[in-house]
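Letters A, B, ... are given to chains in the order of the sequence lines, protein chains preceding strands, and every chain is numbered from 1.
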Amino acid sequence: MGNIQSLMEYDFRKIETYWQKRWKEDRVYAVSNESSKPKHYVLDMFPYPSGAGLHVGHPLGYIASDIYSRYKRLKGYNVLHPMGFDSFGLPAEQYALETGQHPAETTKKNIATFKRQLDKIGFCYDWSREVQTSDPRYYKWTQWIFLQLFNSYFCNTQQKARPISDLVKKYETTGSKHFTAEEWKGFSEKEKGDWLMKRRLAFSAYGEVNWCEALGTVLANDEVVNGVSERGGFPVEKRKMRQWFLRITAYADRLLEGLEKVDFSDAMKEMQKNWIGRSEGAEIEFAVGDSQSAVSEVPLKLRVYTTRPDTIFGVDFMVIAPEHELVEQITTTEQKEAIDKYLAYVKSRSDRERQAETKTITGCFTGAYAVNPFDGRAIPIWTAEYVLAGYGTGAIMAVPCGDQRDFLFAKHFGIPITNIIGGHYNGDEANPTKEAVLENSGFLNGLLMKDAIGIAVNKIEEMGIGKRKVNYKMRDAGFSRQRYWGEPFPIIWNDGIAIPLDAEELPLELPHVDKYGPGPEGEGPLANLKEWVYLTTDSFKHTSGAVEHSVDLTPNPSPKERGMKEHPGYMNSTVEEWKKTIAFARQNRKEPTEAEAIMWSELRNRKIKDFKFRRQHPVAGYIPDFICLEKSLIVEIDGEYHNQEEQRKFDQGREAWLLENGFTMIRFSNQEVLGDINSVLITIEYALLQDESRPGTGSHSPLPWRGAGGEVKRETSTMPGYAGSSWYFLRFMDPNNTETFCDRKISDYWNQVDLYVGGTEHAVGHLLYSRMWTKVMFDLGLISFDEPFRKLLNQGMIQGSSRFVYRLKDDINRFVSFGLKEKYDAVDIHVDVNLVDGVELNMEEFRKWKPEFAEAEFILEDGKYICGSEVEKMSKSKYNTVNPDELCNKYGADTFRMYEMFLGPVEQSKPWDTKGIEGVHRFLRKLWRLFFDEVKGKIWTEDKATDAELKILHRTIKKIEEDTERFSFNTAVSSFMICVNDLADLKCHKREVLEKLLILLTPYAPHIAEELWQHLGNTGTVLDSKYPVYDPLLLVESTKEYPVSINGKLRTTINLSLDLDQQQVEGSVLQNEVVQKWLEGKTPKKIIYVKGKMVNVVI
RNA sequence: GCCCAUGUGGCGGAAUUGGUAGACGCAGCAGACUCAAAAUCUGCCGUUCGCAAGGGCGUGAAGGUUCGAUUCCUUUCGUGGGCACCA
């Protein structure tokens, strides 16, 4: 391994390349699912592989988790530390819109770049477990889990998810509060579907979206700025569209309770609690009239939610959300025009704007009044943007003396304010107290507000005008996106009834598209693929006219002994009949013949030239034994009954129909398959490759003519980014399983993620969703734990430190230095931070950077061009990104890893500054010199270590272990530096000390540690060694240099034995010169002595 | 606006339960080695008054609790993150 000459210097490039290759070859990071060691699961939040590649901000958390994983491994754990990619998402689609490159292509490229960059830093990922959410082998299971959500409901009695079939049974036997069992049985399919949809955990309903007419698409809140689209500046308005949702609100209480048993930071728990926003209060109904006196003829009710029913007598007006359906119904003719104008204004405002702007108060009177049920007072009903439709009932009762927002509103519009809290209200601002004694409050007069809350609710319930209610700020999670690059929903709409695909039909692969624009009605791009979307013959004909067929060609049903002979025609089969077909197919799968079983083991999992086969997969009413949809090739295995005359006739009819509809069929007999499977396979392979031009039905499941009668079409939305990332931690445990999302035994073994590392930006999105999914899967008995992440470590963001040059407005080739810019009229321009040393611009490089700067001239200060600087998000567009590759090339991965950690606490955000990396690099070189001398070569010795040397070592072992355990990696790096400095001072080159130090260092700087470990003559990787144990006896001190303060101010120090008692200490302290000087002859009032800490003399 | 985090030398930061503020590193200054450079090593390095000894001030700001506060409490300002279709 190299000659002595090359060993004298720390040649990190050679060392790191060598070991990265060796580790890969030796598969040292492969993790087994079976081990006698205790398990530990360390996970990083899924990266999105952006086109910009990795910048120095990304690896911060990855380095931290890598250090921890290696540390745990040295401590004797079986450590799972995988990495994969959250590869569906909007940026790739956006990029496709701009450049026409397919997201699959760009995503593939980006992932390759990410992996190359990650490997350069020397992470210990088990790449054999890599998963990508956009891989059909992965999203097959995302879709499968979605179907579990779809097929489940939240049982309020048991407070858990249960199969929807249980609910159906209940409806069939006992009905519900809305209908009797008899009524249920009489419902149409559509009615039944609608009722069930109200309970499913994944359900479809109408939801509001930001609609941009000009772009014909739905926009994210981010993409809407000041009511217009960020791209193009087109107007945006709220619009209702059919969407999928996850019923996360059903889990609100359990998500709150679950926080008790996880180790997240208080801040994180706080954010989740606030997001869920549980409040207890009452829902109250008010009668509505259209004038101050008369209640309208049609009895309208206004329902409001309030947490303060005790203030009911202080209600001076009502506010309903502008979207509220009542607005239209109650607005009086006089107010109609004003209201219409106001609604138009509100439509253009985003939710965030509506809440953020409290300075400008807007609102409009509807002309209608509500009636206070207790004193009959008429209360004017207003609508205002500060009340959002999604919260509570979308209506509030306003109590200006107790709520500041209501107060300001009342003042602004001159609504008289009723004071119900006497002296607690001063007329200048509202007072939200619960401690006041109520006045002007009818039956509540004289009560303390907090006592009145319960009494008021009781009365309201008694009167039947309202009820106690727990409310959540959290809304059900929108789960569909009108986008292309995401998981397709395994759902077919048949006359408005959502029909799930069968599990065997998954994955429903995302079809290829060439255009990424929105569909005709603002749907996702998939809506443009007519032949993919429409599944009925009729609708197919309407849209493309491509397929003609006659009802006479209706094929024979499945073999008669399977009981399908009497089955009616498929073309017009009802949903019920179709379900029956599916059931038959499922049954068939469970009972394969011997030949079928053999054939399936050969065809499944893309064993033939990567062609995907399905078995017993219905095509119309016909269920082929095996089918390759991509090639429309059917493989049949015929048993004895095919020799019967009648059956042969059926077969022929069926085959003719299939051929006419573009399918090919090969038939084998049982004997052929059992006798010579190889030649059978060759025949199939030949057929697959033979006709390249065959159009096929695409790789997706065609499911033609499912159901019938009206429009039968696929769901064209796709799932959002968090679908794939809500359960990926489970897939890493068993990434290649084709039978299930994750084998139960394996998920029982790995269990929860022990350490989850990622940014706080995921606090309420991803983390809540994956917690919910985990709970559902737990309820359904799919896994054995109901919280995914046991401990969470938040990683701060590394910000960019941007640099600016200042270009004169009137002379675009002249640039003025930062200190002089005030004297000129100049504009700031981002300059690439890599062209700047600190703040000093490299002018030569700058001229070369862009052609427009080639002729640049500079106005200097002190002969230098000084740049301005600002801390911003690290982003390519701001030219402030720093690429980890370059740093690894220049200083090595070990230096880079340690420097990232040395920057400060992982949890904290900080701007990146490459300066300072030198110091860490110097440390590693200094370490190297403990082993090798420039002239003498190797210099380590086998001598016995002295007490002083052992003390340094053991102090370091203790410190590094403690710091690593509490994720204080920056102080650990400092401790390494101190240790090496101390050992160098003592000229300690003893193997006894150095070898242990290398093990400590392995998690932080794996390459250099491994290299030196091997030089010391060890075989096998240092990762398999045992973590040293520190000996407390070596660290015992007998004396301490005590700080002595007078009145809390440090004046001197005294060296004292550690086992002195208070009296002895007082004696020594009082004799001290400095203390006597400060005492000026007085007697101290008190002497405080904290053993081992300090002494304070109080005068 | 609401929720969360955060603020310490020229810079990144340390001070683990309220107990010696500024560890460690960068930058800077002075020196050694060298023909020179690099590398390495040694010393200084919050601020202010003072020849020195020694003292004053100092953890965003103001107030409080305490023998003692960077640490706890109240108020306030600045910065960063999130606010439901970016991931």
Within a reach of under 6.0 Å around CG of Asp266(A), are more than 12 heavy atoms found that belong to other residues, nucleotides or ligands?
-> no

Can you list the steps and then say if Glu523(A) with Thr716(A) is a side-chain hydrogen bond (donor to acceptor under 3.5 Å, both in side chains)?
-> CA-CA 7 Å; Glu523(A) 305 105 311; Thr716(A) 56; 5.0 Å; no

Value in whole Å for how far the P atom of G81(B) lies from CE of Met874(A) | 13 Å

Whole angstrom is fine here: how far is it from CG in Asn221(A) over to P in C86(B)?
-> 7 Å

Measure from the side chain of Met271(A), starting at C-beta and using heavy atoms only, and say which of G81(B), C67(B), A23(B) lies closest.
-> G81(B)

Closest nucleotide among U20(B), A23(B), G55(B) to the Leu1050(A) side chain | U20(B)

Per Lys1040(A) side chain, nearest of listed nucleotides U20(B), A14(B), A15(B) = U20(B)

Spacing between Leu903(A) atom CG and G12(B) atom C1', to the nearest angstrom | 7 Å

Any ion pair linking Glu962(A) and Lys958(A) (charged N to carboxylate O, less than 4.0 Å)?
-> yes

Give me the residues of residues 49-61 of chain A where at least one heavy atom lies under 4.0 Å from an atom of RNA chain B, by number, or none.
-> none

Contact class for Glu761(A) vs. all strands (heavy atom < 4.0 Å): base, sugar-phosphate, or nothing?
-> base

Confirm from the modelled atom types if Asn1096(A) and C67(B) form a donor-acceptor pair under 3.5 Å, side chain to base only.
-> yes

Tell me which nucleotide among A14(B), G56(B), G19(B) gets nearest to the side chain of Trp1078(A).
-> G56(B)

Of the candidates G13(B), C26(B), C67(B), the side chain of Arg922(A) sits closest to C26(B)

If we take the C1' atom in both G1(B) and U71(B), what is their distance in whole Å?
-> 31 Å

Could you check whether the rings of Phe489(A) and Trp244(A) sit parallel, tilted or perpendicular, using 30° and 60° as the cut-offs?
-> parallel

Taking for Ser975(A) and for Tyr391(A) the nucleotide of RNA chain B with the nearest heavy atom, the one nearer the 5' end belongs to Ser975(A)

Counting side-chain heavy atoms from CB outward, which of A39(B), G81(B), G13(B) is closest to Asn970(A)?
-> G13(B)

Would the number of heavy atoms belonging to other residues, nucleotides or ligands and lying under 6.0 Å from CD of Glu98(A) be above 12?
-> yes

Compare the minimum distances between each of U20(B), C67(B), C3(B) and the side chain of Lys1086(A), then state the nucleotide with the smallest one.
-> C67(B)

Anything under 30° is parallel, anything over 60° is perpendicular, the rest tilted; go ahead and classify Trp912(A) against Tyr899(A).
-> perpendicular

Pro1043(A) has its side chain closest, among A5(B), U20(B), C41(B), to U20(B)

Side-chain heavy atoms of Thr1052(A) within contact of Asn1072(A), under 4.5 Å | yes

Modelled atom types, side-chain donor and acceptor of Glu487(A) and Thr718(A), under 3.5 Å | no

Considering only heavy atoms, which members of residues 478-486 of chain A lie under 4.0 Å from some atom of RNA chain B?
-> Ser480(A), Arg481(A), Gln482(A), Arg483(A)

Would you call the rings of Tyr728(A) and Tyr756(A) parallel, tilted or perpendicular, where under 30° means parallel and over 60° means perpendicular?
-> tilted

Between atom CG in Asp985(A) and atom C1' in G43(B), what is the gap in whole Å?
-> 14 Å

In the strands shown, is G1(B) matched to any nucleotide by a Watson-Crick or G-U wobble pair with both distances under 3.5 Å, and which?
-> C83(B)

Can you tell me how far C1' of G43(B) sits from CG of Asn981(A), to the nearest Å?
-> 15 Å

For the side chain of Lys1049(A) and the base of U20(B), is some donor closer than 3.5 Å to an acceptor across the two?
-> no

Any side-chain heavy-atom pair of Val757(A) and Leu43(A) under 4.5 Å | no

Quick one: His921(A) NE2 to G25(B) C1', roughly how many Å, whole number?
-> 15 Å

What form does the base of G28(B) take, syn (within 90° of 0) or anti?
-> anti

What does the list of N/O pairs under 3.5 Å between the protein and nucleotides 72-80 of chain B look like, with a distance for each?
unit_1, atom_1, unit_2, atom_2, d
G80(B), O2', Gln799(A), NE2, 3.4

Side chain of Lys915(A) (C-beta onward), nearest among C24(B), C26(B), C67(B) = C26(B)

Gln908(A) CD to A14(B) P, in whole Å, measures 6 Å

Assert: residue with more 5' nearest nucleotide on RNA chain B, out of Met268(A) and Lys1093(A), is Met268(A)

No-hydrogen, no-angle side-chain donor-acceptor test under 3.5 Å, Asn981(A) and Lys926(A) = yes

Separation of atom CD in Glu918(A) from atom P in G28(B), rounded to whole Å | 11 Å

Would you mind telling me which of C24(B), A14(B), C11(B) lies closest to the side-chain atoms of Pro905(A)?
-> A14(B)

Positive for ring-ring contact (aromatic ring centres under 6.0 Å, His included) with Tyr139(A), one of Phe88(A), Trp727(A), Trp485(A) | Phe88(A)

For the residue pair Glu223(A) and Cys212(A), establish whether any side-chain heavy-atom pair is separated by less than 4.5 Å.
-> no

How would you label the contact of Leu90(A) with the nucleic acid (heavy atoms, under 4.0 Å): base, sugar-phosphate, or nothing?
-> sugar-phosphate

Any strand: nucleotide that pairs with A52(B) via Watson-Crick or wobble, under 3.5 Å | none

Whole-Å P distance, C3(B) and C11(B) = 32 Å

Do Phe46(A) and His766(A) pass the ring-ring contact (aromatic ring centres under 6.0 Å, His included) test, and can you show the C-alpha distance, the side-chain angles, and the key distance before you say yes or no?
-> CA-CA 10 Å; Phe46(A) 233 5; His766(A) 161 64; 8.4 Å; no

A32(B) pairs with, by Watson-Crick or G-U criteria that keep both distances under 3.5 Å | U40(B)

